[in-house]
Amino acid sequence: MPNYKFAKVPSAGERIGYDGGVLRVPDNPIIPYVEGDGTGADIWRASVRVFDAAVEKAHGGQRRVHWMEVFAGEKAYKNVGDWLPQETVDAMQDFRVSIKGPLTTPVGGGIRSLNVTLRQVLDLYACIRPVRYFEGVGSPMREPQKLNIVVFRENTEDVYAGIEWKAGSDEAKKVRDFLVSNFGVEIREGSALGVKPMSEFGSKRLVEMAIRYALKHCLPSVTLMHKGNIMKFTEGAFRDWGYEVARTRFGESTVSETDLTKGGSNARADAVVVKDRIADSMFQQLLLRPDEYSVIATPNLNGDYVSDAAAAQVGGLGMAPGGNVGDGLAVFEATHGTAPKYANLDKINPGSVILSGVMMFEYMGWNEVSALIVRGIENAIRSRRVTYDLARQMPGSTEVSTSEFGNQVIKGMGS
């Protein structure tokens with residue numbers, strides 16, 4: 001086992017392996033976790049009890065997770081002097097599957113997003129965001145149950161690459177001057193500038209993962225969401241590369257929407273339909289015709305917007321999980337912020353981390369555990385004993401604490 005300066009490797013347990021493109025999960029895996037900033041501690045305490053209870057109920061002691069705390073964010077900075085210690089990155093790589101709470105990201109200055117940094121340094125190129133409705137949760141929609149999608153967001157490129165220069169800086173001036181003098185573009189003096197890289201390699205592997213997911217889960221379609229009508233050589237290329245992946249790598253099991261509409265020999269009813277939508281139209285489609293979409297593959301910024309907007313349709317980010325997945329490596333995470341004003345009040349909804357755990361166990365192949373947790377959440381909501389964010393949208397419900405909601409989920413596993 002590796003040695004770390006700050007994190008303590010459990011005395012029992014084994015590392016998850018990866019061989020021949022297949023994850024090798026022992027019955028006693030060591031899984032690193034980051035507690036998270038703000039409300040992270042409250043959320044993690046409730047979530048880990050749910051995870052352990054589900055594993056115990058599903059496997060009766062034959063399987064067990066050995067949790068290993070690693071440090072990032074405010075807790076790391078306070079205790080270690082580094083927002084993201086290298087050993088945390090190393091541990092996530094060494095043990096392959098990790099889970100984390102929300103981390104602080106200053107706006108406009110200070111450190112860059114730790115979440116984005118982790119995705120880039122570990123090459124977790126797909127941010128996977130399932131969005132579904134749990135019966136009983138308050139929603140602004142008349143028929144929220146019609147929305148059931150999985151967003152595959154490219155995680156390493158686009159404007160999130162972080163290539164930008166401050167307005168008035170020497171760097172911004174040099175870049176502007178170069179573009180103006182060499183390419184004749186018009187850019188106002190004193191502008192802030194950024195670069196939007198989008199590669200064939202990065203786009204294709206993201207779309208490939210999305211199509212494989214749709215095939216594995218027998219989902220009817222994959223939609224390429226893009227703004228290619230305006231950004232023709234970046235987002236337009238994403239669309240073209242996506243169709244190329246479908247055609248060349250999955251030609252026997254996919255069909256384009258165009259071919260399906262035309263009919264003929266290419267229109268196979270049993271195939272996954274690959275289609276595309278302009279980004280602004282996609283937002284309308286999810287509101288007006290949500291049941292026509294199942295998997296969405298999209299560049300980084302679009303994916304950030306649409307996954308949060310879709311979550312609002314089914315009740316908010318409190319019940320929205322996320323996973324960052326690469327090749328044999330994954331970090332699952334809360335999708336909401338740190339909510340520091342609620343820190344240590346035992347008040348916040350732990351649903352995002354709990355459902356991220358559902359994704360994690362599915363990724364590990366422990367589907368019985370995932371099914372138990374989902375059942376527990378469904379029954380906890382039916383009991384109408386929920387945290388404040390859900391209670392204020394559910395007339396007649398009883399507001400309970402973070403820890404009590406965890407108790408309700410555990411109780412609901414046996415119902």
Side-chain angles (χ1 to χ4, degrees), residues 13 25-29 31 33 35-36 39-67 97-101 130-138 145 148 150 217 314-323 330 332-336 346-391 393-394 397-415:
V25 183
D27 289 338
N28 57 341
I31 296 182
Y33 71 92
E35 191 177 67
T39 55
D42 288 345
I43 291 171
W44 178 252
R45 281 191 292 269
S47 299
V48 74
R49 288 192 299 106
V50 170
F51 300 154
D52 288 341
V55 173
E56 174 62 28
K57 185 172 181 62
H59 298 292
Q62 296 301 307
R63 286 178 171 173
R64 179 189 172 192
V65 174
H66 296 268
W67 302 102
V97 176
S98 309
I99 189 167
K100 57 177 281 297
V131 185
R132 56 154 291 188
Y133 178 67
F134 285 90
E135 185 179 355
V137 172
Q145 72 280 359
N148 190 355
V150 183
H217 294 275
V314 297
L317 288 175
M319 300 297 289
F332 298 88
E333 65 180 358
T335 58
H336 54 70
D346 198 25
K347 184 179 179 71
I348 204 79
N349 184 354
S352 182
V353 167
I354 292 174
L355 287 169
S356 296
V358 169
M359 293 180 67
M360 180 185 73
F361 287 119
E362 287 177 348
Y363 180 75
M364 292 164 53
W366 291 17
N367 294 325
E368 305 93 335
V369 177
S370 294
L372 276 173
I373 298 173
V374 170
R375 182 202 302 173
I377 288 177
E378 291 173 338
N379 286 326
I381 293 170
R382 289 192 188 103
S383 76
R384 306 186 72 78
R385 294 179 59 81
V386 293
T387 50
Y388 84 98
D389 60 312
L390 299 179
Q393 302 178 77
M394 297 169 59
S397 59
T398 300
E399 180 181 327
V400 300
S401 65
T402 307
S403 53
E404 178 56 28
F405 184 74
N407 292 339
Q408 290 296 312
V409 174
I410 293 170
K411 180 181 178 182
M413 293 178 194
S415 302

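Hydrogens, waters and symmetry mates play no part in the numbers below; they use all other heavy atoms, side chains included. Small disclaimer: the values here were computed from a predicted structure and weren't measured.
- Taking the side chain as every heavy atom from C-beta outward, R132 and V150 never approach each other to under 4.5 Å.
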TODO: Test I31 against H66 for side chain to side chain contact (heavy atoms under 4.5 Å, CB included), laying out the working first.
DONE: CA-CA 6 Å; I31 296 182; H66 296 268; over 6 Å; no
TODO: For side chain to side chain contact (heavy atoms under 4.5 Å, CB included), just list the numbers for E378 and E135, CA-CA rounded to whole Å, side-chain angles, deciding distance to a tenth of an Å, and then say yes or no.
DONE: CA-CA 7 Å; E378 291 173 338; E135 185 179 355; over 6 Å; no
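- H59 meets the ring pair (Phe, Tyr, Trp, His ring centres under 6.0 Å) test with W366; sequence neighbours excluded.
- Not a single ring pair (Phe, Tyr, Trp, His ring centres under 6.0 Å) links F134 to another residue, sequence neighbours left out.
- In this structure, OG1 in T398 is found 9.5 Å from CD in Q408, a value given to the nearest 0.5 Å.
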- [ ] Start with the C-alpha distance between N349 and Y388, add both sets of side-chain angles, then the distance that settles side chain to side chain contact (heavy atoms under 4.5 Å, CB included), and finish with yes or no.
- [x] CA-CA 8 Å; N349 184 354; Y388 84 98; over 6 Å; no
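- A side-chain contact (heavy atoms from CB on, under 4.5 Å) with M319 is found for exactly one of I381, V314, T335, V131, namely I381.
- D27 approaches Q62 most closely through the heavy-atom pair CB-O, 3.6 Å.
- Every residue was checked against the salt bridge (Lys or Arg N to Asp or Glu O under 4.0 Å) condition with D389, not counting sequence neighbours, and none meets it.
- If you take OG1 on T402 and CG on D346, they are separated by 4.5 Å, rounding to the nearest 0.5 Å.
- Listed here is the closest heavy atom pair of G323 and M359: N-CE, 3.7 Å.
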Under 3.5 Å donor-acceptor pairs involving side-chain atoms of residues 47-55, not counting sequence neighbours:
unit_1 : atom_1 : unit_2 : atom_2 : d
S47    : OG     : I43    : O      : 2.8
R49    : NH1    : N407   : OD1    : 2.8
R49    : NH2    : S403   : O      : 3.0
R49    : NH2    : N407   : OD1    : 3.2
D52    : OD1    : W67    : NE1    : 2.9

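- Here the side chains of V386 and E399 are not in contact, with every heavy-atom distance at 4.5 Å or above.
- Every residue two or more places apart in sequence or in another chain was checked for a side chain to side chain contact (heavy atoms under 4.5 Å, CB included) with A371, and none qualifies.
- The OG atom of S370 lies 9.0 Å from the CE atom of M364; values are rounded to the nearest 0.5 Å.
- Proximity of I99 to W44: side-chain heavy atoms (C-beta onward) are separated by under 4.5 Å at one or more points.
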Open item on the list: Is there a side chain to side chain contact (heavy atoms under 4.5 Å, CB included) between V137 and L390? Walk through the geometry before answering.
Closed with: CA-CA 7 Å; V137 172; L390 299 179; 3.9 Å; yes
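- Contact annotation: the side chain of S98 never approaches that of F332 to less than 4.5 Å [non-hydrogen atoms, C-beta and beyond].
- When atom types are taken as modelled, the side chain of T39 and the backbone of D42 share no donor-acceptor pair closer than 3.5 angstrom.
- Between atom CZ of residue R382 and atom CZ of residue R375 there is a gap of 10.5 Å, rounded to the nearest 0.5 Å.
- Counting heavy atoms from C-beta on, the side chains of E333 and S356 never come closer than 4.5 Å.
- Nearest approach of E368 to A58, heavy atoms of both residues: CB-CB, 4.1 Å.
- Nearest heavy atom pair, residue A320 against residue S352, reads O-OG, 2.6 Å.
- For the atom pair I377 CD1 and M413 CE, the distance stands at 8.0 Å (nearest 0.5 Å).
- Taking the salt bridge (Lys or Arg N to Asp or Glu O under 4.0 Å) definition, one finds that E35 meets it with K75, sequence neighbours left out.
- Of the possible polar contacts, none joining the T387 side chain to the K347 backbone as a donor-acceptor pair under 3.5 Å is found.
- In this structure, L372 and F361 have side chains that are not in contact, with every pair of non-hydrogen atoms separated by 4.5 Å or more.
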